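Note sheet for the following structure.
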Amino acid sequence: QVQLVESGGGLVQAGGSLRLSCAASGRTYSSYVMGWFRQGPGKERELVAAIASSGGSTYYADSVKARFTISRDNAKNTVYLQMNSLESEDTAVYSCAAGVQTTSSRWWHTAGYRYWGPGTQVTVSS
């Protein structure tokens, strides 16, 4: 069992930056793939970034590549999402999730995310 709580959301102007944090509880946290999802107004939930259990591999959606960076500190049971050059289209509720590490080449897609945080609102004003 893993419990997740996000923090760091808020209101920021376009072009600005925010860093989201996701604190996890549970002894097996370091064995999970961690993902950041977002759901904007009237949009479907999408995976924006994921990081393998070891931290050695990452995945980014095309819409956030070169702007967002995912990282994890397994000693602190925390995963981060650094968001730079924010755009109004980034406005959404951001949630972190924990999934199973697989050997698939598309490990971020086959993780079967099973534990979710409540989410944190990010609003980008233009």
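When reading the values below, keep in mind they use all heavy atoms of this one structure, side chains included, and skip hydrogens, waters and symmetry mates. Quick caveat, the model's predicted, so the values are computed rather than measured.
- Smallest separation of non-hydrogen atoms from T110 and T102: OG1-OG1, 2.7 Å.
- Note that the OG atom of S85 and the CZ atom of R67 stand 7.0 Å from one another [nearest 0.5 Å].
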Pairs of donor and acceptor atoms involving the side chains of residues 50-61, under 3.5 Å and at least two apart or interchain, shall be tabulated with distances.
residue, atom, partner, partner atom, Å
S53, OG, Q101, OE1, 3.3
S54, OG, G56, N, 3.1
Y60, OH, I70, N, 2.8

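- Remark: the N84 side chain and the S17 side chain contain an N/O donor-acceptor pair separated by less than 3.5 Å.
- The shortest heavy-atom contact between L4 and M34 is CD2-CE, 3.9 Å.
- By the 4.5 Å heavy-atom criterion applied to side chains, Q121 and L11 are not counted as neighbours.
- Taking the ring axis of Y94 as reference, the NZ or CZ atom of R38 does not stay both within 45° of it and closer than 6.0 Å to the ring centre.
- The two atoms that bring E6 and S95 nearest to each other are OE2-CA, 3.3 Å, heavy atoms only.
- Side-chain rings of Y32 and Y115 approach one another, their centers coming within less than 6.0 Å.
- The side-chain heavy atoms of T69 and L81, taken from C-beta on, include no pair separated by under 4.5 Å.
- Taken together through direct or relayed side-chain contacts under 4.5 Å among Ile, Leu, Val, Met, Phe, Trp and Tyr, W36 and L18 form part of one hydrophobic cluster.
- Side-chain contact check for E89 versus V124: every heavy-atom pair is 4.5 Å or farther apart.
- For CD of E87, the number of neighbouring non-hydrogen atoms (other residues, nucleotides, ligands) closer than 6.0 Å is greater than 12.
- Nearest approach of Y113 to G99, heavy atoms of both residues: CD2-N, 3.7 Å.
- Within the cation-pi definition used here (under 6.0 Å to the ring centroid, within 45° of the axis), R19 qualifies as a partner of Y80.
- Scanning both residues, D73 and Y29, for their nearest heavy atoms gives O-CE2, 4.3 Å.
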Stepwise side-chain contact (heavy atoms from CB on, under 4.5 Å) test for S63 and E46: CA-CA 11 Å; S63 58; E46 64 170 333; 4.3 Å; yes
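- Here the closest heavy-atom approach between residue V100 and residue V33 is recorded as O-CG2, 3.8 Å.
- Residues F37 and W107 share a hydrophobic cluster, clusters being chains of Ile/Leu/Val/Met/Phe/Trp/Tyr side chains in contact below 4.5 Å.
- Taking the side chain as every heavy atom from C-beta outward, L20 and M83 approach each other to under 4.5 Å.
- W108 and V48 end up in different hydrophobic clusters when Ile, Leu, Val, Met, Phe, Trp and Tyr side chains are linked at under 4.5 Å.
- Using a 4.5 Å cut-off between side-chain heavy atoms of Ile, Leu, Val, Met, Phe, Trp and Tyr, with links allowed through other members, V12 and F68 fall into the same hydrophobic cluster.
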